[in-house]
Amino acid sequence: MAKKVPLGIRGQAEETVQHKHTLNHHHDKLPPIYSTPNMIGLMEWAAANALLPFLDEGEISVGTAINIEHRAPTTIGDLVKTEAVLESHDERFYVFRVTAHNGKAEIGRGTVTRAIVNPAKVAERHAKRHAGKSE
């Protein structure tokens, strides 16, 4: 990564809640409300979108930590919008303050941390570490 990533960069992501995003999709005894894992995934996408302009060719960002509160229910048909704002970073990790809103209320907030990696280089290091080892 050659580009400096400034504090305060922002990313967004949104989706309209469908049945496949609900608790009920996973278990028929649960209500048809937006699931926490789906909300967290959307928050991660917002943070990933914030980093996109700073990635070199072949790089991606990956999630490394989450600390999220799911604060209110959201139902099928509601539009969930998430925003991520870069709060801090060091040489390796980027910590984003994230929020999720359903148009009526904040439904979630917290932090997600991401790292920038080059999958080809990671695979190469993995292959070298495991060269000669049988599986």
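Side chains included, hydrogens not; waters and symmetry mates left out as well; all remaining heavy atoms used.
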(message) Just to verify, what does Asn24 make a side chain to side chain donor-acceptor pair (under 3.5 Å) with, not counting sequence neighbours?
(response) His19

(request) Starting from Leu30, walk the hydrophobic network (Ile, Leu, Val, Met, Phe, Trp, Tyr; side-chain heavy atoms closer than 4.5 Å) and list everyone else you reach, by chain and number. (result) Leu23, Ile33

(request) Report the distance from atom OG1 of Thr75 to atom OH of Tyr34, rounding to the nearest 0.5 Å. (result) 12.0 Å

(request) Would you list the pairs meeting salt bridge (Lys or Arg N to Asp or Glu O under 4.0 Å) in which at least one residue belongs to residues 7-19, sequence neighbours left out? (result) Arg10-Glu83

(request) Work out which heavy atom in Ile76 is nearest to a heavy atom in Gln18; give both atom names and the distance. (result) CG1-C, 4.2 Å

(message) Side-chain heavy atoms nearer than 4.5 Å, only ILVMFWY residues, links allowed to pass through others: does that put Val95 and Ile116 together?
(response) no

(request) Working to the nearest 0.5 Å, report the span between OG1 of Thr111 and CD1 of Ile68. (result) 6.0 Å

(request) Can you run down the salt bridge (Lys or Arg N to Asp or Glu O under 4.0 Å) pairs that involve residues 89-104, sequence neighbours left out, and say none if there aren't any? (result) Asp78-Lys104, Glu87-Arg97

(message) Restricting to non-hydrogen atoms, name the atom on Thr64 and the atom on Ala115 that form the minimum distance, rounded to 0.1 Å.
(response) CG2-CB, 3.9 Å

(request) Can you measure from CZ (Arg109) to CZ (Arg71) and round to the nearest 0.5 angstrom? (result) 3.5 Å

(request) Only counting residues at least two apart or in another chain, list the ones meeting side chain to side chain contact (heavy atoms under 4.5 Å, CB included) with His89. (result) Leu7, Leu86, Tyr94

(request) Only counting residues at least two apart or in another chain, list the ones meeting side chain to side chain contact (heavy atoms under 4.5 Å, CB included) with Ile60. (result) Val62, Val117, Pro119

Acceptor/donor pairs from residues 38-54 side chains to any protein atom, 3.5 angstrom cut, sequence neighbours excluded:
unit_1 : atom_1 : unit_2 : atom_2 : d
Asn38  : ND2    : His21  : O      : 3.3
Asn38  : ND2    : Ser35  : OG     : 2.6
Glu44  : OE1    : Arg114 : NH1    : 2.4
Asn49  : ND2    : Gln12  : O      : 2.8
Asn49  : ND2    : Trp45  : O      : 3.2

(message) Against Asn102, only a single residue in Val17, Leu79, Ile107 fulfils side-chain contact (heavy atoms from CB on, under 4.5 Å); can you say which?
(response) Ile107

(message) Can you give me the closest heavy-atom contact between Ala100 and Val80, atom names plus distance?
(response) CB-CG1, 4.4 Å

(message) Could you work out, with ring pair (Phe, Tyr, Trp, His ring centres under 6.0 Å) as the rule, every residue matching His70, not counting sequence neighbours?
(response) none

(message) Minimum heavy-atom separation for Val98 and Ala84, please, with both atom names.
(response) CG1-CB, 3.7 Å

(message) His26: which residues meet the ring pair (Phe, Tyr, Trp, His ring centres under 6.0 Å) condition with it, sequence neighbours left out?
(response) none

(message) For Thr82, give me all partners under side chain to side chain donor-acceptor pair (under 3.5 Å), at least two apart in sequence or on another chain.
(response) none

(message) Please enumerate all residues that pass side chain to side chain donor-acceptor pair (under 3.5 Å) together with Lys29, with sequence neighbours excluded.
(response) none

(message) I'd like to check the side chain to side chain donor-acceptor pair (under 3.5 Å) partners of Glu124; sequence neighbours left out, ordered by chain and number.
(response) none

